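Structure, as structure tokens:
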Amino acid sequence: SSAASDVYKRQTDKRGFKRKSDAVNWAAEHVTIAKARGAYIDPQDAKTTVGELAGAWLDAKRTRVKPSYMDDLEDSWRVWVKPAWGDVPIGMVTRNDVQKWVTDIAPQRSASVTLRAYGILAGILDNAVRDGMIHANHARGVELPRKKTKRHVYLTAPQLYSLAVSYTHLRAHETCA
């Protein structure tokens with residue numbers, strides 16, 4: 001009986017509870033009340049990998065985006081997101097790790113490529129939060145590269161007039177031919 005008591009003591013000490021009543025109180029406060037509020041997250045859900053959730057996210061996107069953009073998303077998943085995050089449990093994704101990943105991609109590729117890859121990871125984790133698998137999306141709040149704005153070039157009035165005259169002159173020749 002003394003050996004059983006020692007095992008129990010070691011197990012509770014590892015979890016940080018000195019007394020059984022402390023463990024029971026903690027469970028009541030964190031599990032029972034969370035379940036009653038609908039805020040309970042099953043720890044097993046957090047072990048689901050990013051890769052296991054990617055298919056559903058990509059399928060949902062397929063219903064809303066053009067096929068050409070869908071190709072870009074699938075390529076970005078395959079090249080950037082899956083190798084880094086595919087086998088990572090969603091509960092193990094940290095803001096720090098996501099920031100490091102974004103910071104590593106940014107110098108290699110354009111801001112658009114970096115933002116697309118980040119958006120895939122963040123979108124998958126957003127779904128996991130909405131589905132009650134994790135409490136928060138730790139991909140949100142990282143520093144992201146900014147797209148470079150291209151300088152807009154506008155025609156001057158004389159250039160526009162010249163273009164209009166040339167165009168109407170060409171169209172006039174078509175009707176005469």
Side-chain angles (χ1 to χ4, degrees), residues 34 37-171 173-175 177:
R37 286 187 188 146
Y40 177 72
I41 303 281
D42 185 341
Q44 287 302 114
D45 287 344
K47 293 179 181 177
T48 305
T49 65
V50 172
E52 291 174 272
L53 300 177
W57 186 86
L58 288 166
D59 288 345
K61 277 293 178 191
R62 196 170 280 110
T63 64
R64 293 190 52 222
V65 301
K66 292 180 181 179
S68 59
Y69 184 61
M70 195 63 219
D71 291 343
D72 291 343
L73 288 174
E74 287 171 337
D75 288 347
S76 191
W77 161 253
R78 188 177 36 76
V79 172
W80 296 105
V81 187
K82 186 179 179 184
W85 299 102
D87 295 328
V88 177
I90 56 175
M92 297 299 292
V93 175
T94 67
R95 195 200 66 74
N96 214 27
D97 289 342
V98 175
Q99 183 67 67
K100 182 181 180 329
W101 176 65
V102 167
T103 303
D104 289 347
I105 295 173
Q108 301 175 51
R109 295 287 180 236
S110 69
S112 293
V113 169
T114 305
L115 292 169
R116 186 178 309 121
Y118 165 78
I120 293 168
L121 176 62
I124 291 168
L125 295 174
D126 282 342
N127 282 356
V129 171
R130 280 193 291 276
D131 291 344
M133 299 176 81
I134 51 177
H135 283 291
N137 180 350
H138 296 294
R140 296 292 177 195
V142 300
E143 294 293 324
L144 298 168
R146 290 174 53 155
K147 288 185 182 181
K148 292 182 176 76
T149 54
K150 294 180 181 160
R151 192 166 93 58
H152 293 257
V153 179
Y154 299 98
L155 296 176
T156 62
Q159 290 171 326
L160 181 60
Y161 178 76
S162 174
L163 180 65
V165 168
S166 299
Y167 180 74
T168 50
H169 181 70
L170 286 172
R171 299 298 294 183
H173 281 302
E174 284 178 12
T175 56

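On a predicted model such as this, the values are computed, not experimentally measured, just so you know. All values below were derived from every heavy atom in this structure, side-chain atoms included, with hydrogens, water molecules and symmetry-related copies excluded. Numbering starts at 1 and runs along the sequence shown.
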Heavy-atom pair with the smallest gap, counting every atom of [X] and [Y]:
X      : Y     : value
Thr63  : Ala60 : OG1-O, 2.6 Å
Trp101 : Ala84 : NE1-CB, 3.4 Å
Trp77  : Pro83 : O-CD, 3.9 Å
Ala117 : Val81 : O-CG2, 3.4 Å
Met92  : Asp97 : O-OD2, 4.4 Å

Could you tell me whether Glu74 and Lys61 have a side-chain N and a carboxylate O separated by less than 4.0 Å?
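Looking at Lys61 together with Glu74, the answer is no, because their closest N to O distance does not fall below 4.0 Å.
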Is a side-chain N or O of [X] found less than 3.5 angstrom from the main chain of [Y], in a donor-acceptor match?
X      : Y      : answer
Tyr118 : Ala139 : yes
Ser166 : Ser162 : yes
Glu143 : Gln99  : no

In Å, rounded to the nearest 0.5 Å, how long is the span from [atom1] of [X] to [atom2] of [Y]?
X      : Y      : atom1 : atom2 : value
Asp71  : Ser76  : CG    : OG    : 12.5 Å
Trp85  : Leu121 : CH2   : CG    : 6.0 Å
Glu52  : Met133 : CD    : CE    : 8.0 Å
Leu115 : Arg146 : CG    : CZ    : 11.5 Å
Leu125 : Ile134 : CG    : CD1   : 5.0 Å

List the residues meeting side chain to side chain donor-acceptor pair (under 3.5 Å) with Arg78, not counting sequence neighbours, and say none if there are none.
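Scan of Arg78 (side chain to side chain donor-acceptor pair (under 3.5 Å), adjacent residues dropped) gives Asp75.
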Partner set under side chain to side chain donor-acceptor pair (under 3.5 Å) for Gln159, not counting sequence neighbours
Thr156
Take Val50 and Ile90 through the side chain to side chain contact (heavy atoms under 4.5 Å, CB included) test and state the conclusion after the steps.
CA-CA 6 Å; Val50 172; Ile90 56 175; 4.1 Å; yes
More than 12 non-hydrogen atoms from neighbouring residues, nucleotides or ligands closer than 6.0 Å to CG on Asp87, yes or no?
no
Under the side chain to side chain contact (heavy atoms under 4.5 Å, CB included) rule, collect the residues that match up with Asp126, sequence neighbours excluded.
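So Asp126 forms a side chain to side chain contact (heavy atoms under 4.5 Å, CB included) with Arg130, Asn137, Arg140.
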Could you walk me through whether Thr114 and Val102 pass side chain to side chain contact (heavy atoms under 4.5 Å, CB included), step by step?
CA-CA 7 Å; Thr114 305; Val102 167; 3.9 Å; yes
Under the criterion side chain to side chain donor-acceptor pair (under 3.5 Å), which of Thr103, Asp104, Asn96 is the partner of Lys100?
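Going through Thr103, Asp104, Asn96 one by one, the side chain to side chain donor-acceptor pair (under 3.5 Å) with Lys100 is satisfied by Asp104 alone.
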